[in-house]
Amino acid sequence: MIQLDKQYQPHDVEKRWIEYWDKHRLAHADETRDGETFSMAIPPPNITGSLHMGHAFNNTLQDIMARWQRMRGVNTLWQPGTDHAGIATQNVVERQLKAEGKSRQDLGREKFIERVWQWKKESGGNINHQLVQLGSSLDWERDRFTMDEGLSRAVREVFVSLYEEGLIYKGDYIINWCPRCHTALSDLEVEHQEKPGHLYHIKYPLKDGDGALIVATTRPETMLGDTAVAINPEDPRHKGKGGKTVILPLLKRELPIIEDSYVDAEFGTGALKVTPAHDPNDFEIGKRHQLPSINVMGPDARMNDEAGPYKGLDRFEARKAIVEDLKAQDLLVKIEDHTHKVGHCYRCHTVVEPYLSKQWFVKTQPLAKPAIEAVRSGKIKIVPKFWENTYFEWMENIRDWCISRQIWWGHQIPAWTCGTCNEFTVARETPPACQHCGSTELVQESDVLDTWFSSALWPFSTLGWPEQTESLKKFYPTSVLCTGFDILFFWVARMIMRGLKFMGDIPFHHVYIHALIRDAEGQKMSKTKGNVIDPLVMMDQYGTDALRFTLAAFAAQGRDIKLAEDRIDGYRNFCNKLWNASRFAFMNLEDYTGTCALETSKHQSLADHWILSRLNRTVADVHQALEAFRFNDAATALYKFIWNEFCDWYIELSKSRLNSQNSVEKYATQNVLVHVLEATLKLLHPFMPFITEEIWQKLPKDGTSIMTAPYPEFDPHKEDSEAETHLQWVMDIINAARNIRGEMNLKPSLKIPLRIKTDDSEKELIANTSAHYVIELARLEDLEVGPSVVKPKVSASSILSGAEVIVPLAGLMDFGEEKKRVEKELKKVEKEIIFLSKKLSNPSFVDKAPPEVIEKDRHKHKDLSEKQTKLQVHLNTIDQALA
RNA sequence: GGGCUGAUAGCUCAGUUGGGAGAGCAUCGGCCUUACAAGCCGAGGGUCACAGGUUCGAGCCCUGUUCAGCCCA
């Protein structure tokens, strides 16, 4: 005999099934199996990562898809793996070294990298372990890491091919430099924040003594690297000054005044200082006018030799000193408050410096074209669709990608400089000699590649590329990529470009972009703000299934999720509800000899037919929602079915049958009960894997695990609209009686009589054959139905369509209460009748609206009018009694 | 400056081809009715941001405004 605890206790349940699933290799995808496939690669979490709510959300949605497809019988691969996260990981290990009083330079490159691998071995698996706890059905036998030998080979293959095609080059350009991480960053890796600052107006005297040009700048320290002042040729204020010379304050260098239409005459004084080595726009102007570039800072953002007297100062110290000196020399006209966007390193939040430097780049436009086309043509669908605009916007204005990083942890650039001829040799494997002159004096580039260079290959590198493996053939292109919008450019766009280039095909058919999880106030969760809700804590406190269901239920498309703990609490209660419904089932299945398979039986009740029809409808709703990535709709459909239909109605309605002495009828209902419960558990399994497995295993079923049990399918023949209509009528009666009971303050323990007066013979018949339902659920003393039912003078009544539900209340009647109740109802009905009358007497409505809409409204109007009459009659009797 | 998204009950939000404004939580009243008090039954509560327009009919479509958030330059 199976008995369940009174409350669901998730802890040991979760642990048990995780081990069981693993032992039976249920998440393993078989590349040799024929038939339909579904594949999906996890957005690889950083090895430095710990599961946060964003991961929990992202992976819950993926797991729902994976489990759903697997149960549908589709050959399903959910590819796991982690990202080496160059800068982030290097920072973590450097911090550890610092605590030991060491730097990475103290260790040297080789030893440092060893140390990172060591760290990875010890802590890099945390996030994977946490994903398992979340229930993620990833195929761990295929676990990959972006620095694996295989994936590194893919990286070298791509680098060399692109280089050979001329799509990778090295050159001097303005890049974003992080003085803390000591590396270049791509444009995307810079976060711009609005910051209060100042606009300094500085006097640049003309050499000929004829006054001065006033320039405005937010970064006065960069003036040391000025090589010109620019004006707009159309600016009347500066007419004739083009070609003259000004004297750079402090350093007294002579600068030409150049004319360039880039200069915005409306901004400031219309004169722009040009610093090609420290500003991307100035760099462009410098190129146009063949200006020299003077770099005045070192890699640590301290002023260098070019800065003259300011040499050795940090950039912000230099700013202060320069402002003071300008003031002293009366060259500072004014300082205005000015808010402007300041770029920060996305890893350490240090203010980045635009910096002239020799770096490697990927020429991106030729790769972007087909990637744009893939989305425009619909080969790749981005869901929700509005993200496509953002994608196009970025892709059409894409700039070359700076891929070299001056750090040690990552894929070292496979390019070697010849000590003899100074040329590059770029090769897949370490070359024995220079391919230009044959010299063996080769030195490999010390830089490593941007982490996103390897992530961009993820959908095919994880499947074995450049080897033509069976897995690659089977599972590429993948079906869905599920991620947040924050890495749409970083990752998604680049995967599309790489997939098309190297696989000759799109990397995935759908991109599902989900929202961001925020705190209850809508703030981004962050450790510094202290508003983080830790998924692991929530899982521990409420159960993993409760957290997962909460996330799914809030996953409405295109809207951020404000998560508060009480919402998880609510879905914990839902778990418990399901648990107790199952508990009820087990209590009533003790003598049951059948299985979960539905048996055809003449002995099924109206409630049995009804719940089977409702189940079938729910199956359709869940499939439809999941196909459209509407996770919240699927979750809501399940929630409503389980709580409001199965628990609130079906269980209550079937109690009498389950206690029946008629063993044939009892068996038929037991069969429906267990069938519906099992189907429901399967439907719910992708959302709540643990509790569903726990209950399912106790049922009389076939199979190893619910994880591989067949997902219920919609069957149009199972729709039973007659049962639904009939039971709806029964529910209407019960609701009417309950309403009267509630409004008239009749205790639930008090059994009341009920009369139903109706001329509708079908309604009469159903009410009579279903009398036992009404008697039990409305807690009746007795029930009388028919056209000739006599309505006692002292009674409460409710008017339904085609029937009046009457509760005789001799001795219990509170006429005042009943009058209030009826008047309220009457008011509502009258309001609606006026609205409908107006509508129906409007000739253009009757003329132009579709006939079925008009018919519906006419019918409603008739119904309401009858109801109004009856309510009026009832009200009159009350008034008489009160008089 | 360009673009995107949102504004619906006290709170958080659903509302998919335009045709009866919904859920959860919170509130109020009544219940330990033998699966569940993490529960059951009943009730109250909204000019769908504002102003126009299209339509027989608009929360939904169009235009404008205000406010909020995000992305890019």
Point to revise | Minimum-distance nucleotide (side-chain atoms of A:K6 versus B:U33, B:G20, B:C36) | key: B:C36

**Study point:** Shortest side-chain distance from A:N573, nucleotide among B:G39, B:A35, B:G19
**Key:** B:G39

Review point. Is A:Q365 atom CD crowded by more than 12 heavy atoms from other residues, nucleotides or ligands, each under 6.0 Å away?
Key: no

Check your understanding: When the distance from CD1 of A:I691 to C1' of B:A35 is rounded to whole Å, what number comes out?
Key -> 13 Å

Point to revise | Spatial distance of atom CE (A:M731) from atom CG (A:D648) [nearest 0.5 Å] | key: 9.0 Å

Revision key, fill the gap. Per atom distances to the A:N739 side chain, the nearest of B:G19, B:U5, B:A43 is B:A43

Practice item. For A:N588 and for A:Y639, find the nucleotide of RNA chain B with the closest heavy atom, then tell me which residue's nucleotide is more 5'. Key: A:Y639

**Study point:** Closest-nucleotide ordering on RNA chain B, the 5'-leading residue of A:R572 and A:G742
**Key:** A:R572

Check your understanding: A:E694 and side-chain contact (heavy atoms from CB on, under 4.5 Å): which partner among A:D545, A:D12, A:V13?
Key -> A:V13

Exercise for review: Write down the partner of B:U47 under the Watson-Crick or G-U wobble criteria, each distance required to be under 3.5 Å.
Suggested key: none

Check your understanding: What is the nucleic acid contact for A:K747, judged by heavy atoms within less than 4.0 Å: base, sugar-phosphate only, or nothing?
Key -> sugar-phosphate

Review point. Looking only at atom P, what distance separates B:U8 and B:A68, rounded to whole Å?
Key: 15 Å

Check your understanding: So which nucleotide does B:C31 pair with, by the Watson-Crick or G-U wobble rule with both distances under 3.5 Å?
Key -> B:G39

Exercise for review: May I ask which nucleotide in the shown strands pairs with B:G24, Watson-Crick or G-U wobble, both distances under 3.5 Å?
Suggested key: B:C11

Point to revise | Whole-Å P distance, B:G2 and B:G19 | key: 35 Å

Study note, to complete from the structure: With the side chain defined as heavy atoms from C-beta on, A:N580 is closest, among B:C40, B:U33, B:A35, to B:A35

Practice item. Decide if the gap between the ring center of A:F629 and the ring center of A:H510 is smaller than 6.0 angstrom. Key: yes

Review point. Using a cut-off of 4.0 Å on non-hydrogen atoms, how would the nucleic acid contact of A:P843 be classed: base, sugar-phosphate, or nothing?
Key: nothing

Review point. Quick one: is A:K577 getting a side-chain N or O under 4.0 Å of the B:C40 phosphate, OP1 or OP2?
Key: yes

Check your understanding: Between B:C62 and B:C25, how far is it from one P atom to the other, in whole Å?
Key -> 35 Å

Check your understanding: How close or far is atom C1' of B:A37 from atom CG of A:N576, stated in whole angstroms?
Key -> 11 Å

Practice item. Give a yes or no on whether A:H859 atom NE2 has more than 12 heavy-atom contacts from other residues, nucleotides or ligands under 6.0 Å away. Key: no

Revision key, fill the gap. Which of A:Y639, A:W579, A:Y8, A:F687 passes ring pair (Phe, Tyr, Trp, His ring centres under 6.0 Å) with A:F574? Answer is A:Y639

Practice item. Using a heavy-atom cut-off of under 4.0 Å over every strand shown, decide if A:R738 touches base, sugar-phosphate, or nothing. Key: sugar-phosphate

Study note, to complete from the structure: When A:R617, A:R614, A:K640 are each screened for side-chain hydrogen bond (donor to acceptor under 3.5 Å, both in side chains) with A:E645, the one that passes is A:R614

Point to revise | Minimum-distance nucleotide (side-chain atoms of A:F386 versus B:G20, B:A35, B:C4) | key: B:C4

Check your understanding: Of the candidate nucleotides B:C25, B:C31, B:G19, which contains the atom at the shortest distance from the side chain of A:K856?
Key -> B:G19

Check your understanding: Checking all strands, does A:C575 fall into the base, sugar-phosphate, or nothing category for heavy-atom contacts under 4.0 angstrom?
Key -> nothing

Point to revise | Partner of A:I517 by side-chain contact (heavy atoms from CB on, under 4.5 Å), out of A:L563, A:N58, A:I533 | key: A:L563

Point to revise | Pairwise C1' distance, B:A9 and B:A21 [rounded to whole Å] | key: 10 Å

Exercise for review: Scan every strand shown for a Watson-Crick or G-U wobble partner of B:U17, both distances under 3.5 Å, and answer none if you come up empty.
Suggested key: none

Review point. Does the gap between the ring centers of A:H514 and A:F57 come in under 6.0 Å?
Key: yes

Review point. What distance, rounded to whole Å, do you find between the two P atoms, one in B:A58 and one in B:C50?
Key: 15 Å

Practice item. Measure the distance from CG on A:L563 to P on B:C25 and round it to the nearest whole Å. Key: 16 Å

Review point. Can you tell which of B:G42, B:A35, B:C56 lies closest to the side chain of A:N842?
Key: B:C56

Practice item. Let me know the distance between CG of A:N644 and C1' of B:C36, rounded to the nearest Å. Key: 15 Å

Practice item. Record whether the side chain of A:Q7 comes under 3.5 Å of the base of B:A37 through a donor-acceptor pair of N or O atoms. Key: no

Review point. Expressed in angstrom and rounded to an integer, what is the separation of A:L746 atom CG from B:A43 atom P?
Key: 14 Å

Revision key, fill the gap. Smallest heavy-atom separation, A:V190 atom then A:G343 atom, equals CG1-CA, 3.6 Å

Review point. For the side chain of A:K848, counting heavy atoms from C-beta on, which of B:C56, B:C36, B:G29 is nearest?
Key: B:C56

Review point. Heavy atoms under 4.0 Å, any strand shown: does A:K824 hit a base, just sugar-phosphate, or nothing?
Key: sugar-phosphate

Exercise for review: Rounded to whole angstrom, note down the P distance from B:G52 over to B:U16.
Suggested key: 25 Å

**Study point:** Any strand: nucleotide that pairs with B:C60 via Watson-Crick or wobble, under 3.5 Å
**Key:** none

Check your understanding: How many Å lie between CZ on A:R567 and P on B:C11, as a whole number?
Key -> 12 Å

Check your understanding: With a non-hydrogen cut-off below 4.0 angstrom, is A:E388 in contact with a base, only sugar-phosphate, or nothing?
Key -> nothing

Review point. NA contact type, A:D648, heavy-atom cut-off 4.0 Å: base, sugar-phosphate, or nothing?
Key: sugar-phosphate

Point to revise | Separation of B:A35 P from A:Y650 OH (nearest whole Å) | key: 15 Å

Check your understanding: Does a side-chain N or O from A:W643 land closer than 4.0 Å to OP1 or OP2 of B:C40, or not?
Key -> yes

Are any protein N/O atoms closer than 3.5 Å to N/O atoms in nucleotides 69-73 of chain B? If there are, list each pair with its distance.
unit_1, atom_1, unit_2, atom_2, d
B:A73, N6, A:K341, NZ, 3.4

Practice item. Compare the minimum distances between each of B:C25, B:G19, B:A23 and the side chain of A:A849, then state the nucleotide with the smallest one. Key: B:G19

Review point. C1' atom, B:A26 versus B:U17: distance in rounded Å?
Key: 36 Å

Point to revise | Between C1' of B:U5 and CD1 of A:I561, the distance in whole Å | key: 15 Å

Check your understanding: Is the distance between the ring centroids of A:Y512 and A:F631 under 6.0 Å?
Key -> yes

Review point. Which nucleotide sits closest to the side chain of A:R630: B:G20, B:C56, B:U16?
Key: B:U16

Review point. Does the distance from a Lys or Arg side-chain N to an Asp or Glu carboxylate O, for A:E823 and A:K819, drop under 4.0 Å?
Key: yes

Check your understanding: P atom, B:G24 versus B:A43: distance in rounded Å?
Key -> 13 Å

Check your understanding: NA contact type, A:D486, heavy-atom cut-off 4.0 Å: base, sugar-phosphate, or nothing?
Key -> nothing

